[in-house]
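Reviewing the structure listed below.
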Amino acid sequence: MISHSTPLGAVLFSCLTLPRMPVYLLVALPAHQNHVVQVKSLLLIQALRNQMMQLCLADKYGYDIELLPIIDGQKSADTYNHTLQKKQEYKVNKTATASSIDNLIRDGKNQADSIVLRIDSEITLGTLQDAVQNRVNRERNITDVTLIRNEKDVTFTREQIISESFKIQPEDFR
């Protein structure tokens, strides 16, 4: 349980690792009758994860990051980073496969040119590197990819990623 005395790190970890489960909200309808409505948990959990990633990056780097509204039926960026002057799309990897990384970046490129990818799987750095490089090579609009792993991060520019010498090292993450 999270209380007012819970350390911020515990709150961030809790929100970032929330399972995908049904979420119920109590809402008041015009007839003043209370009804329990099941909400698509994916959108709620995604919004919480986005907010926690935004808070972590803002706190660590002093970024001024604005969460953008979710508009029904439209794909749009998750945030606008006023400090870097760009829209960013946040994704969370839970499956340790190249195709998972590929799908997340491919989906994200339709929402923003800058991708922030949180790695919550045991994917090897070699597999991660290959997947990022292969997808960025095919998507001309991607300007950079930020990887967050074990609460540490690294940002690679498009030029770094598409170069033949691109390699993701454990010491890159700070």
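What you see is a predicted model, and the numbers here were worked out from it, not measured in a lab.
Remark: Thr124 engages Thr127 in a side chain to side chain donor-acceptor pair (under 3.5 Å) (not counting sequence neighbours). Scanning for salt bridge (Lys or Arg N to Asp or Glu O under 4.0 Å) contacts around Arg149 gives an empty result, with sequence neighbours left out. Listed by chain and residue number, nothing satisfies the side chain to side chain donor-acceptor pair (under 3.5 Å) test with Lys152 (two or more places apart in sequence, or in another chain). For the salt bridge (Lys or Arg N to Asp or Glu O under 4.0 Å) test, residues two or more places apart in sequence or in another chain that qualify with Lys60 are Asp153. With sequence neighbours excluded, no residue forms a side chain to side chain donor-acceptor pair (under 3.5 Å) with Thr95. Listed by chain and number, the residues in a side chain to side chain donor-acceptor pair (under 3.5 Å) with Thr157 are Gln160 (sequence neighbours excluded).
Among residue pairs with one or both ends in residues 48-70, those qualifying as ring-ring contact (aromatic ring centres under 6.0 Å, His included) are Tyr61-Tyr63; sequence neighbours excluded. Applying the ring-ring contact (aromatic ring centres under 6.0 Å, His included) definition to pairs two or more places apart or across chains, none involves residues 93-130. Listed by first and then second residue, the ring-ring contact (aromatic ring centres under 6.0 Å, His included) pairs involving residues 131-160 are Phe156-Phe166 (not counting sequence neighbours). Screening residues 164-174 for salt bridge (Lys or Arg N to Asp or Glu O under 4.0 Å) gives no qualifying pairs among residues at least two apart or on separate chains.
Between Val136 and the choices Asp144, Ile142, Ile115, the side-chain contact (heavy atoms from CB on, under 4.5 Å) rule is met once, by Ile142. Residue Gln133 forms a side-chain contact (heavy atoms from CB on, under 4.5 Å) with just one option from Leu128, Val145, Ile161, and that option is Ile161.
Within the 3.5 Å criterion, the main-chain N or O of His82 finds no donor-acceptor partner in the side chain of Glu66.
Taking CG from Asp64 and OG1 from Thr83, the interatomic distance works out to 5.0 Å, rounded to the nearest 0.5 Å. Atom OG1 in Thr143 sits 9.0 Å away from atom CD in Glu159 (nearest 0.5 Å). Atom CD1 of Ile119 is separated from atom NZ of Lys94 by 11.0 Å, given to the nearest 0.5 angstrom. Note that the CZ atom of Arg138 and the CD1 atom of Ile162 stand 14.0 Å from one another [nearest 0.5 Å]. Here Asn134 contributes atom CG and Asp130 contributes atom CG; the two are 6.0 Å apart, rounded to the nearest 0.5 Å.
More than 12 heavy atoms of other residues, nucleotides or ligands lie within 6.0 Å of NZ in Lys86, so this atom counts as buried by the packing criterion. For CD of Gln85, the number of neighbouring non-hydrogen atoms (other residues, nucleotides, ligands) closer than 6.0 Å is 12 at most.
Looking at Asp78 and Arg49, no side-chain N of the basic residue comes within less than 4.0 Å of a carboxylate O on the acidic one, giving no salt bridge. A salt bridge links Glu151 with Arg118: the distance from a Lys NZ or Arg NE/NH1/NH2 to an Asp or Glu carboxylate oxygen falls below 4.0 Å.
Linking Ile, Leu, Val, Met, Phe, Trp and Tyr whenever their side-chain heavy atoms come within less than 4.5 Å puts Val154 and Leu125 in one cluster. Placement of Ile101 and Leu147 within a single hydrophobic cluster is found when ILVMFWY residues are connected by side-chain heavy-atom separations under 4.5 Å, directly or transitively. Ile123 is connected to Phe173 through a chain of hydrophobic side-chain contacts under 4.5 Å among Ile, Leu, Val, Met, Phe, Trp and Tyr, so both are in one cluster. The hydrophobic clustering, which links ILVMFWY residues whose side-chain heavy atoms are closer than 4.5 Å, places Leu84 and Tyr90 together. Leu67 and Leu57 are assigned to two separate hydrophobic clusters, defined by single-linkage of ILVMFWY side chains at heavy-atom distances under 4.5 Å.
For the 3.5 Å distance criterion, the side chains of Asn93 and Ser100 qualify, holding a donor opposite an acceptor.
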Side-chain donor-acceptor pairs under 3.5 Å in residues 104-113, sequence neighbours left out?
residue : atom : partner : partner atom : Å
Arg106  : NH2  : Asn103  : OD1          : 2.5
Asp107  : OD1  : Lys75   : NZ           : 2.6
Asp107  : OD2  : Lys91   : NZ           : 2.7
Gln111  : OE1  : Lys91   : NZ           : 3.4
Gln111  : NE2  : Ser76   : O            : 3.3
Gln111  : NE2  : Glu89   : OE2          : 3.4
Asp113  : OD1  : Asn141  : ND2          : 2.9

